[in-house]
Amino acid sequence: MRLLLIGAPGAGKGTQATRIAEHFGVAHISSGDLLRHHVARGTSIGRRAKDYMDRGDLVPDALVMDMLRKPVIKATKAGGYVLDGFPRTVEQAQAAYRVAKGLGASVQVAVLLEVDSATLVARLVARGEEAGRSDDTQEVIEHRIAVYEERTQPLIDYYRQRERLVTVNGDRPVDEVTWSVIVQLERVRRLLTD
Ligand code: AP5
């Protein structure tokens with residue numbers, strides 16, 4: 001299976017991606033986690049990405065595409081992937097499709113996690129207090145949600161028009177969300193293999 005998760009900051013992409021990847025025996029690839037590792041190691045990607053991330057803005061496409069190319073190809077050869085946090089814009093989706101289609105690595109299904117803004121803010125403020133992620137401050141959280149609404153939400157129509165979108169209510173206990181996603185993805189998997 002090759003799938004991706006779409007959802008606002010705090011919607012539960014990382015939480016669910018880990019579980020979905022385990023269920024299907026595929027790799028979990030998180031653009032945010034990879035970028036944070038680069039920042040922590042002080043690599044050239046990390047140094048160029050840090051200010052954008054601290055502000056809650058999107059990192060330039062070329063940086064993200066370069067960073068993801070190898071892991072996505074490797075995961076495709078090994079059986080598939082769950083992409084979490086990429087693509088973030090229609091432009092990233094189109095560019096990724098152009099690269100991936102010739103390699104048999106293009107996405108088969110997108111999963112949308114729907115959660116209302118008040119819940120998103122509450123989850124991220126709580127995480128900020130516990131885990132201290134530098135972009136989990138009230139001001140940056142609100143900016144990240146605004147960036148999602150402006151830049152990422154158009155992706156929903158992009159995948160819906162391609163008939164590859166599964167929508168799940170993410171405002172429920174973690175296990176219920178996982179169960180709901182997996183039930184729908186198992187249906188898609190049967191369709192893909194028929
Ligand atoms: P990224 O790391 O992708 O952050 P994000 O989209 O803001 O998402 P989060 O990690 O905050 O939330 P999530 O949806 O993964 O939820 P989670 O499971 O963690 O990106 C960070 C930055 O990197 C971006 O701002 C940008 O600068 C850059 N970037 C990344 N990708 C990029 C790209 N493609 N292009 C350009 N720039 C890019 O859960 C959140 C919290 O809620 C946790 O505490 C969790 O325990 C809790 N929680 C989860 N599910 C539930 C539930 N069902 N009930 C109660 N609590 C829950």
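Counting convention: from 1, in listed order, for ligands and their atoms alike.
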Trainee: Taking non-hydrogen atoms only, is Asp57 closer than 4.0 angstrom to ligand 1 via side chain, backbone, both or neither?
Mentor: backbone
Trainee: Does either side chain, that of Thr15 or that of Arg19, offer a donor lying less than 3.5 Å from an acceptor on the other one?
Mentor: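 No.
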Trainee: Any donor-acceptor pair under 3.5 Å linking the side-chain atoms of Arg144 with those of Tyr148?
Mentor: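 The criterion, which ignores hydrogens and geometry beyond distance, is not satisfied for Arg144 and Tyr148.
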Trainee: Report yes or no: does Ala8 have a heavy atom closer than 4.0 Å to ligand 1?
Mentor: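 So Ala8 counts as touching ligand 1.
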Trainee: Below 3.5 Å, N or O to N or O, backbone or side chain included: is there any such pair between Gly10 and ligand 1?
Mentor: yes
Trainee: Ligand 1 versus Thr15, non-hydrogen atoms closer than 4.0 Å: side chain, backbone, both, neither?
Mentor: both
Trainee: Can any side-chain N or O of Thr119 pair as donor or acceptor with the backbone N or O of Val115 at less than 3.5 Å?
Mentor: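 No; judged by distance alone, with no hydrogens or angles, the pair does not exist.
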Trainee: Each residue besides Val183 in its hydrophobic cluster should be listed here, by chain and number; the cluster joins Ile, Leu, Val, Met, Phe, Trp and Tyr at side-chain heavy-atom distances under 4.5 Å.
Mentor: Trp179
Trainee: Do Lys13 side-chain atoms and Gly7 backbone N/O form a donor-acceptor pair below 3.5 Å?
Mentor: yes
Trainee: Between Asp136 and ligand 1, is there a nitrogen or oxygen pair with a distance under 3.5 Å?
Mentor: no
Trainee: Would you mind running through ligand 1 and noting each atom that sits below 4.0 Å from a heavy atom of Gly14?
Mentor: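 Once the distances to Gly14 are compared, the set is 13 (P), 15 (O), 18 (O).
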Trainee: Under the 6.0 Å and 45° cation-pi test, does Arg2 pair with Phe24?
Mentor: no
Trainee: Would you find a donor on one side and an acceptor on the other, under 3.5 Å apart, between the side chain of Tyr81 and the backbone of Ala105?
Mentor: yes
Trainee: Which atoms of ligand 1 sit under 4.0 Å from any heavy atom of Phe86?
Mentor: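 Under 4.0 Å from Phe86, ligand 1 has these atoms: 34 (N).
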Trainee: Using a strict 4.0 Å cut-off to heavy atoms of Gly170, name the atoms of ligand 1 that fall inside it.
Mentor: 53 (N)
Trainee: Who's the nearest protein heavy-atom neighbour of atom 43 (C) of ligand 1, and how far?
Mentor: Arg127 CD, 4.1 Å
Trainee: Just going by heavy-atom distances, which of Lys13, Arg88, Arg151 is nearest to atom 3 (O) of ligand 1?
Mentor: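 Of the listed residues, Arg88 has the closest heavy atom.
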Trainee: Side chain, backbone, both or neither: which applies to Met53 and ligand 1 if a contact is any heavy-atom pair less than 4.0 Å apart?
Mentor: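 Both parts.
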Trainee: Relative to atom 21 (C) of ligand 1, which among Arg36, Gln16, His143 owns the nearest non-hydrogen atom?
Mentor: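 Looking at heavy atoms only, Arg36 sits closest to atom 21 (C) of ligand 1.
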Trainee: Heavy-atom contacts under 4.0 Å between Val59 and ligand 1: side chain, backbone, both, or neither?
Mentor: both
Trainee: To the nearest 0.1 Å, how far is atom 38 (C) of ligand 1 from its closest protein heavy atom, and which atom is that?
Mentor: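 For atom 38 (C) of ligand 1, the nearest protein heavy atom comes out as Leu35 CD1, 3.9 Å.
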Trainee: Would you say Leu58 and ligand 1 have an N/O pair spaced under 3.5 Å apart?
Mentor: no
Trainee: Among Pro60, Ser31, Ala11, whose heavy atom sits nearest atom 30 (C) of ligand 1?
Mentor: Ser31
Trainee: Heavy-atom contacts with Gly85 under 4.0 Å: which atoms of ligand 1 show up? List them by number with element.
Mentor: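 Every atom of ligand 1 under 4.0 Å from some heavy atom of Gly85: 31 (N), 32 (C), 33 (C), 34 (N).
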Trainee: With Arg88 as the cation and Phe86 as the aromatic partner, state whether NZ or CZ is under 6.0 Å from the six-membered ring centre and within 45° of the axis.
Mentor: no
Trainee: For Glu186 and His23, which I'm curious about, is there any donor-acceptor pair between the side chains at under 3.5 Å?
Mentor: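 Side-chain D/A pair, Glu186 to His23: present.
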Trainee: Does the side chain of Ser180 come under 3.5 Å of the side chain of Arg172 through a donor N or O and an acceptor N or O?
Mentor: yes
Trainee: Relative to ligand 1, is Ala131 under 4.0 angstrom through side chain, backbone, both or neither, heavy atoms considered?
Mentor: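 The answer is neither; Ala131 stays 4.0 Å or more away.
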Trainee: Between Arg164 and Val107 (side chain of the first, backbone of the second, donor and acceptor by atom type, cut-off under 3.5 Å), is there such a pair?
Mentor: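 Yes: the side chain of Arg164 pairs with the backbone of Val107.
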Trainee: Give the atoms of ligand 1, by number and element, whose distance to some non-hydrogen atom of Val174 is under 4.0 Å.
Mentor: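 So the answer, numbered in order with elements, is 50 (N), 51 (C), 52 (C), 53 (N).
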Trainee: If you measure from atom 48 (N) of ligand 1 to every heavy atom of Arg55, Arg123, Lys50, which option wins on shortest distance?
Mentor: Arg123
Trainee: Identify, by atom number and element, the atoms of ligand 1 in contact range of Val64, meaning under 4.0 Å from any of its heavy atoms.
Mentor: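 Within the 4.0 Å cut-off of Val64, ligand 1 contributes 33 (C), 34 (N), 35 (N), 36 (C).
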Trainee: Where the closest heavy atom to atom 35 (N) of ligand 1 is concerned, which of Gln92, Glu130, Arg172 has it?
Mentor: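 Checking each option, the heavy atom nearest atom 35 (N) of ligand 1 is found in Gln92.
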Trainee: Does the side chain of Asp61 come under 3.5 Å of the side chain of Gln92 through a donor N or O and an acceptor N or O?
Mentor: yes
Trainee: Have a look at ligand 1 and work out which part of Arg144, if any, has a heavy atom under 4.0 Å from it: side chain, backbone, both or neither.
Mentor: side chain
Trainee: Please answer whether the main-chain N or O of Leu112 pairs with a side-chain N or O of Thr167 as donor and acceptor at a distance below 3.5 Å.
Mentor: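 Checked: no pair found.
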Trainee: Sequence neighbours left out, what pairs pass salt bridge (Lys or Arg N to Asp or Glu O under 4.0 Å) with at least one residue falling in residues 121-131?
Mentor: Arg127-Asp136
Trainee: Determine whether the side chains of Asp33 and His28 contain a donor N or O and an acceptor N or O closer than 3.5 Å.
Mentor: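 Not at all, the side chains of Asp33 and His28 share no donor-acceptor pair under 3.5 Å.
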Trainee: With atoms numbered from 1 as shown, which atoms in ligand 1 lie under 4.0 angstrom from a non-hydrogen atom of Leu124?
Mentor: 11 (O)
Trainee: Looking only at heavy atoms, is any part of Arg133 under 4.0 Å from ligand 1, and if so is it the side chain, the backbone, or both, or is it neither?
Mentor: side chain
Trainee: If we only count N/O pairs under 3.5 Å, is Gly12 in contact with ligand 1?
Mentor: yes
